[in-house]
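Just the heavy atoms: all of them, side chains too, but no hydrogens, waters or symmetry mates, feed the values below. Numbers here simply count residues along the sequence, with the first being 1.
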Amino acid sequence: MTSEAYFVEKMKGIPVETSKEVKQCIRANEIATRDQLIAALADEVYFKNKCLKDLELQHHETTLSLHKFMLENEKLQQAYTQVVQITHKLYREDMGAKQRLEGMKIQMHAVEKFRGLEEFIVQIQMHEMKETLKEKIDEIDYIQSVNQSLIIKERKINDELQEAQKEFIDGLSDIQSPSIGIKRMGELDETPFKVACKRRYAAEDSDCKAAKLCLDWQEEIRKPGWHPFKIISTSDEENKEVIDEDDNKLRGIKDELGAEVYEAVTTALLEVNEYNGSGRYAVPELWNFQAGQKATMKEIMEEYA
């Protein structure tokens, strides 16, 4: 018979009220036993959870340590590789230095061996250079002497040509042709002055006024203090003197007497500046009036032959 059956048989002879109390007591014991069991299980679960968390923390710390170890190990491997590379490089450089040193020793030996021969060759070369230099100096002296003689002859020929040209100009003064003749460089042309004065003055006074104005401006051109020129750079990077159009006197004569008189004055200024810049007086020149330029000897001979 089981304990439960036995307990039921015993309860049959017990009064009903007593039986309820016993059942309540048993129920209370069962509840207390169950609560104790649950509490024990809860404590066990808590303990196991705590142990699991501790294990997880230890695993995390172990993982970090392992990762740190791997990084340090990788750095050590890199450092080791660099040390090996540096060692190999130093070894190669050392071998190269030894080879270069051996080569230098061989070269020094060769230099010492042939130094005497080189000195002998240098002495020969120096002697040849001295001889060559002496020949060049003698050649330069000869060229300078010939050049000096040519300069003297050129000056003499130029003087003779100038004298012949002067005589030729004097001879042409009375037989000047319309095309080839004598032009006095720097001398004003009176024609533009006459034209301008006819526009400004009465007919009976215009010639006198023109002659006086032309003479006055010829005197202005001869004054060394009046130099209405400016320097410009040409396309071939050379400096050139040209008329300064902003000069007050030139602007005045252009406004007062017109462009023709201005052109005559500036032309005379350019001529006197070219032919006689220091004396500033008119100089005779053989001139081709048709071409408006200096006449060549061929043109002169053809005209007066």
Side-chain angles (χ1 to χ4, degrees), residues 147-196 210-211 213-247 249-250 253-254 257-305:
N147 188 49
Q148 187 66 27
S149 300
L150 291 174
I151 291 174
I152 293 172
K153 288 182 180 180
E154 183 182 7
R155 289 176 179 173
K156 184 178 179 181
I157 292 172
N158 285 335
D159 292 341
E160 292 175 354
L161 286 174
Q162 292 290 334
E163 185 64 26
Q165 184 179 12
K166 182 179 179 182
E167 293 178 359
F168 192 78
I169 289 173
D170 292 340
L172 289 179
S173 299
D174 298 330
I175 57 173
Q176 181 168 258
S177 74
S179 57
I180 304 295
I182 308 300
K183 174 177 169 56
R184 295 183 62 79
M185 309 306 291
E187 187 173 85
L188 279 172
D189 182 7
E190 190 176 346
T191 303
F193 288 90
K194 290 181 178 180
V195 173
L213 282 172
C214 185
L215 181 63
D216 291 343
W217 277 103
Q218 190 70 61
E219 290 299 320
E220 287 291 331
I221 291 173
R222 294 191 61 182
K223 290 180 180 179
W226 187 43
H227 192 77
F229 293 90
K230 61 182 178 180
I231 305 297
I232 64 171
S233 296
T234 61
S235 57
D236 53 358
E237 297 183 356
E238 292 185 358
N239 293 331
K240 180 181 179 181
E241 269 192 329
V242 297
I243 293 292
D244 184 6
E245 297 176 354
D246 294 327
D247 180 80
K249 289 184 179 180
L250 291 179
I253 194 174
K254 189 174 185 180
L257 299 177
E260 294 82 1
V261 174
Y262 170 84
E263 187 69 24
V265 172
T266 54
T267 299
L269 281 167
L270 289 170
E271 290 174 354
V272 79
N273 194 53
E274 179 182 357
Y275 282 85
N276 192 12
S278 58
R280 300 185 72 81
Y281 54 84
V283 175
E285 177 64 276
L286 292 168
W287 196 256
N288 186 331
F289 292 101
Q290 291 180 346
Q293 62 185 15
K294 182 179 178 180
T296 64
M297 291 303 298
K298 181 181 179 181
E299 292 171 342
I300 295 171
M301 296 304 296
E302 289 177 352
E303 180 71 19
Y304 292 99

Q218 side-chain N/O to G186 backbone N/O, donor-acceptor pair under 3.5 Å: yes
Heavy-atom side-chain proximity of I180 to F289 below 4.5 angstrom: no
Qualifying side-chain hydrogen bond (donor to acceptor under 3.5 Å, both in side chains) pairs with a residue from residues 261-272, counting only residues at least two apart or across chains: K183-E271
Closest contact, heavy atoms only, I182 versus P284: CG2-CB, 3.9 Å
Interatomic distance, I152 atom CD1 to N147 atom CG [nearest 0.5 angstrom]: 10.0 Å
NE2 on H227 to CG on N273, rounded to 0.5 Å: 5.0 Å
Contacts of S149 that satisfy side-chain contact (heavy atoms from CB on, under 4.5 Å) - sequence neighbours left out: none
Pairwise distance CD(E285) to OH(Y275) - rounded to 0.5 angstrom: 4.0 Å
Heavy-atom check, side chain of K294 versus side chain of L286, under 4.5 Å: no
Interatomic distance, N239 atom CG to S233 atom OG [nearest 0.5 angstrom]: 4.5 Å
Nearest-0.5 Å distance, CE of residue M185 to CD of residue E274: 6.5 Å
Shortest non-hydrogen contact from W226 toward D247: NE1-OD2, 3.3 Å
Heavy-atom donor-acceptor pair, R280 side chain to V272 backbone, under 3.5 Å: no
Distance-minimising heavy-atom pair for L269 and F229: O-CZ, 3.6 Å
Any donor-acceptor N/O pair, N276 side chain to Y281 backbone, under 3.5 Å: yes
NZ/K249: more than 12 non-hydrogen atoms of other groups inside 6.0 Å: yes
Side chain proximity check, E241 to I231, heavy atoms < 4.5 angstrom: yes
L188 to C214 - nearest heavy-atom pair and separation: CD1-O, 3.4 Å
Side-chain heavy atoms of L250 within contact of D244, under 4.5 Å: no
Inter-residue atom distance E260.CD - K254.NZ, 0.5 Å rounding: 10.5 Å
